[in-house]
2 protein chains.
Amino acid sequence: MEKGKNGPDSRGRPPAPNGTAGGADKEGACGVQCADCTLDAICKLLDYANGGSAVPDGVLLRERPVARGETIFRIEDPFRSIFAVKSGSFKTLIPEAGGREQVVGFYLPGELLGAEGVTGGAYPCTARALESSRICELRMERLPETGRPLEALQQGLIEILGREVAFGHALMASLIRQSAEQRIAAFILNLSRRLERRGLAGRVFVLTMSRADMGSYLGLASETVSRVLARFQKAGVLTLQKKQVQVHAPERLADIANL
Amino acid sequence: MEKGKNGPDSRGRPPAPNGTAGGADKEGACGVQCADCTLDAICKLLDYANGGSAVPDGVLLRERPVARGETIFRIEDPFRSIFAVKSGSFKTLIPEAGGREQVVGFYLPGELLGAEGVTGGAYPCTARALESSRICELRMERLPETGRPLEALQQGLIEILGREVAFGHALMASLIRQSAEQRIAAFILNLSRRLERRGLAGRVFVLTMSRADMGSYLGLASETVSRVLARFQKAGVLTLQKKQVQVHAPERLADIANL
DNA sequence: CGCGGGGTTGACGCACATCAAAGAGAGTGG
DNA sequence: CCACTCTCTTTGATGTGCGTCAACCCCGCG
């Protein structure tokens, strides 16, 4: 359980209208620095890290705000860009019969979105913001304009995709065959670790997605998610008030998840 | 219809083999030509396709035989090579608590094994032959010796990994939340299509893995796999004798799987 | 103030895991 | 060539985790 994709972010305030002009809020506390972003290696390569770039405009778009509920790409859209989450959180989903949607991933600050579309020319899923967020966009189709050697860029991509694949395997192993308690324990723990890896708070954070989203992702009914979380709270493993979780005993979660 | 799980692309990694019937494994009739192998683009690039290669020996090892039950790489082994299945079939697995093992993938002729290890420097799972098989091995660490531009090789890798990721998503969507019948129908159908894509027989083939392996992969008990297959047979959707399956009504399978 | 969506909680039933036992090959040894 | 063992498969009986249905609560919003 570990690698990849799912999760919320650690912030706490749901929706700010639009562009919380950063300051008065804790918005600052919940994003990642470039140094903690997965896209950083590529940004640096493009000389974007220090601003004085000779690269044409429009190849890398920095820090665009995205409103809660906004869709940044839709399934079947032609593949254009890879996105890095700078703050906030996203889910990816696949439409299902009957108008339902299956959540296939959650993305936290510092993680990359859309790399799955690099093959096949189209995105295999839809990506939607769970709260008001900020993203960087790397327009793949315009990379050749930069005149940079592609080799290092490709190397970066390979790293990213390789991690996704390995994570996917581990994830499958943890979902299939596990009880509801095990899945949810692993999920919470996973979120916690991913946040900490980026230098964010991993013991106290906000579950930005709905119980139904979690359930869809974990293959459980939202009622079950609710019940299990209540059980965890009763057992003193964590505390939750509304969407905010505080993890008291990560080791007990690990134990439940049988890691 | 609900989740479409395999859609247009359908690559993947489930299981199955094809092959030889009967008791001894002869793998003659069930292999793929180089033209149908995923590694082919890279082989060609190395001039291996036509034999007259200036590339140092030992970079690409061709057609090594592998005995049933043999392990070609183990979890945590340092990453060295990517393997292409030329004939036979493999499973990949992750050890679980309690000595059990979780099957995370099946690999058929023409498919690639081990690409997941390209990141992180180690294989994230163990790969074992389900029957006596043949593989080609591409030693990644020695690629630089070839003096070839890496760009095209990398491009190939990106394609491969991208497909894996997309497939993983679709797979998750199809496993989570589906009934035993749906999972098994989708599984059989997936095998069938993957075989056909490589020019092998997709209506009659051999399930080289055990029911327990299938169950592990699909998140079901082996008894359930057995029962469901029997039910399918009774319904006239397929016939099975021993490990050999004959699919009579792929469209009914698709219907059950709700594709 | 009334409406609607998300969350919690309870009752009920079913699909599937688990336990158990018997049958079918396949490999081994005498 | 025939017992013997071991593994894999099948089939039956029993139990239970969690999905489904339904009611209710809480909160934000128009």
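Below, chain A is the first sequence line, B the second, and so on; all start at residue 1.
Look at CZ on Arg231(A): it is 8 Å from P on dC18(D), rounded to the nearest Å. Put simply, NZ on Lys234(B) is 12 Å from C1' on dT10(D), counting in whole angstrom units. Put simply, CG on Leu130(B) is 12 Å from P on dC8(D), counting in whole angstrom units. In this structure, the CZ atom of Arg211(A) is 16 Å from the P atom of dG19(D), given to the nearest Å. Atom pair Glu181(A):CD and dT16(D):P shows a separation of 16 Å (rounding to whole Å applied). The nearest whole Å value for the distance from the CG atom in Asp213(A) to the C1' atom in dG6(C) is 11 Å. The CZ atom of Arg68(B) sits 13 Å away from the P atom of dT7(D) (whole-angstrom rounding). For the pair Phe232(B) CZ and dT9(D) P, the interatomic distance rounds to 17 Å; values are reported in whole Å.
Closest non-hydrogen pair, Ser87(A) versus Pro109(A), comes out as CA-CG, 4.1 Å.
Between Leu240(B) and Val228(A), the residue anchored nearer the 5' end of DNA chain D, judged by the nucleotide with its closest heavy atom, is Leu240(B).
Heavy atoms of Ser179(A) sit under 4.0 angstrom from primed sugar atoms or phosphate atoms, though from no base atom.
With 3.5 Å as the limit, one finds no donor-acceptor pair spanning the side chains of Ser216(B) and Glu101(B). Using a 3.5 Å distance cut-off with no hydrogens or angles, the side chains of Glu111(A) and Thr38(A) do not pair a donor with an acceptor.
For Phe106(A) and Tyr217(A), the gap between ring centers is short of 6.0 Å.
Classification of the Phe83(B)-Phe73(B) ring pair by plane angle, with boundaries at 30° and 60°, yields parallel.
Considering only side-chain N and O atoms, Lys242(A) lies nowhere under 4.0 angstrom from the phosphate OP1 or OP2 of dC26(D).
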* **Reading 5' to 3' through nucleotides 17-23 of chain C, protein heavy-atom contacts under 4.0 Å coded B for base, S for sugar-phosphate only, - for none** => SBB----

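Checking dG25(C), dT9(C), dC16(C) against the side-chain heavy atoms of Ser226(A) singles out dT9(C) as nearest. Closest to the side chain of Ser210(B), out of dT8(C), dC8(D), dT10(D), is dC8(D).
Between Asp213(A) and Lys91(A), at least one side-chain N (NZ, or NE/NH1/NH2) sits under 4.0 Å from a carboxylate O, which counts as a salt bridge.
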Extract all donor-acceptor atom pairs below 3.5 Å that involve side chains of residues 222-233 of chain B and protein atoms in other chains or at least two apart in sequence.
unit_1: Arg231(B); atom_1: NH1; unit_2: Glu181(B); atom_2: OE2; d: 2.6

